[in-house]
Colleague: 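Let me give you the structure first, and then I'll get to my questions.
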Amino acid sequence: MASARDPEYVERVLATAERVPPGRVTTYGAIAEAVGGGPRQVGSVMALHGGGVPWWRVIRADGSLPPSHGEQARRHYYDERTPTLPSGRVDMRSAYWDPAD
DNA sequence: TACTTGACATTTT
DNA sequence: AAAAATGCCAAGT
């Protein structure tokens, strides 16, 4: 299992999350494809070890804010001037950043 | 070993 | 447009 317990996997996930430029966002799925495993796995890793990374730049594929962090994330988005839609969702069209970049 | 659970994704109602 | 159903991958119990 390439996993939340393996520091290596965790490192890769966190490293990718840290590489996300300010004002941009990426998705769990994208990271999952970059580091391997499944989107949920990435989520679990973030949940356990995401304390030191900008998790607010990592959102769901549909642009919805992180399920359990709506308010926090919103504040950060405002600070980083992340393109958001009136509906409270991030503007994926322009703010999306690909980990493979 | 089998079932449940989860910072998700995609498709269909 | 919004909600439900289905699929995925690995951990936790």
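Residue numbers begin at 1 in each chain, while the letters A, B, ... track the order of the sequences.
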Colleague: Whole angstroms only, please: what is the CG-P distance between L85(A) and dA2(C)?
Modeller: 12 Å
Colleague: Under 3.5 Å, side chain of T26(A) to main-chain N/O of W97(A), donor-acceptor pair present?
Modeller: yes
Colleague: Parallel, tilted or perpendicular: which one describes the rings of W56(A) and H76(A), with boundaries at 30° and 60°?
Modeller: parallel
Colleague: Take atom CH2 of W55(A) and atom P of dC8(B), then tell me their distance rounded to the nearest Å.
Modeller: 13 Å
Colleague: From OH of Y28(A) over to P of dC8(C), roughly how many Å is that when rounded to an integer?
Modeller: 22 Å
Colleague: Heavy atoms only, 4.0 Å cut-off, all strands: where does R60(A) land among base, sugar-phosphate and nothing?
Modeller: sugar-phosphate
Colleague: Nearest whole angstrom, please: distance from the C1' of dG12(C) to the CD of Q41(A).
Modeller: 11 Å
Colleague: Once you round it to whole Å, what is the distance between P of dT10(B) and CD of E33(A)?
Modeller: 8 Å
Colleague: Out of dA2(C), dT10(B), dC8(C), which nucleotide sits closest to the side chain of R89(A)?
Modeller: dA2(C)
Colleague: Return the value, rounded to whole Å, for the distance between atom CZ of R40(A) and atom P of dT10(B).
Modeller: 13 Å
Colleague: Within this structure, what is the OH-CD1 distance for the pair Y77(A) and I59(A), rounded to the nearest 0.5 Å?
Modeller: 5.0 Å
Colleague: Using purine N1 to pyrimidine N3 plus N6-O4 or O6-N4 for Watson-Crick, or N1-O2 and O6-N3 for G-U wobble, each under 3.5 Å, what pairs with dT13(C)?
Modeller: dA2(B)
Colleague: Using a heavy-atom cut-off of 4.0 Å across all strands, would you classify A47(A) as base, sugar-phosphate, or nothing?
Modeller: base
Colleague: Classify the nucleic acid contact of G38(A) as base, sugar-phosphate or nothing, counting any heavy atom under 4.0 Å across all strands shown.
Modeller: sugar-phosphate
Colleague: Measure CG/L48(A) against C1'/dA10(C) and give the value in whole Å, please.
Modeller: 12 Å
Colleague: Whole-Å distance between dA11(C) P and H49(A) NE2?
Modeller: 11 Å
Colleague: Given salt bridge (charged side-chain N to carboxylate O under 4.0 Å, His left out), test R57(A) with E80(A) step by step and report yes or no.
Modeller: CA-CA 10 Å; R57(A) 293 182 195 154; E80(A) 316 238 323; 2.8 Å; yes
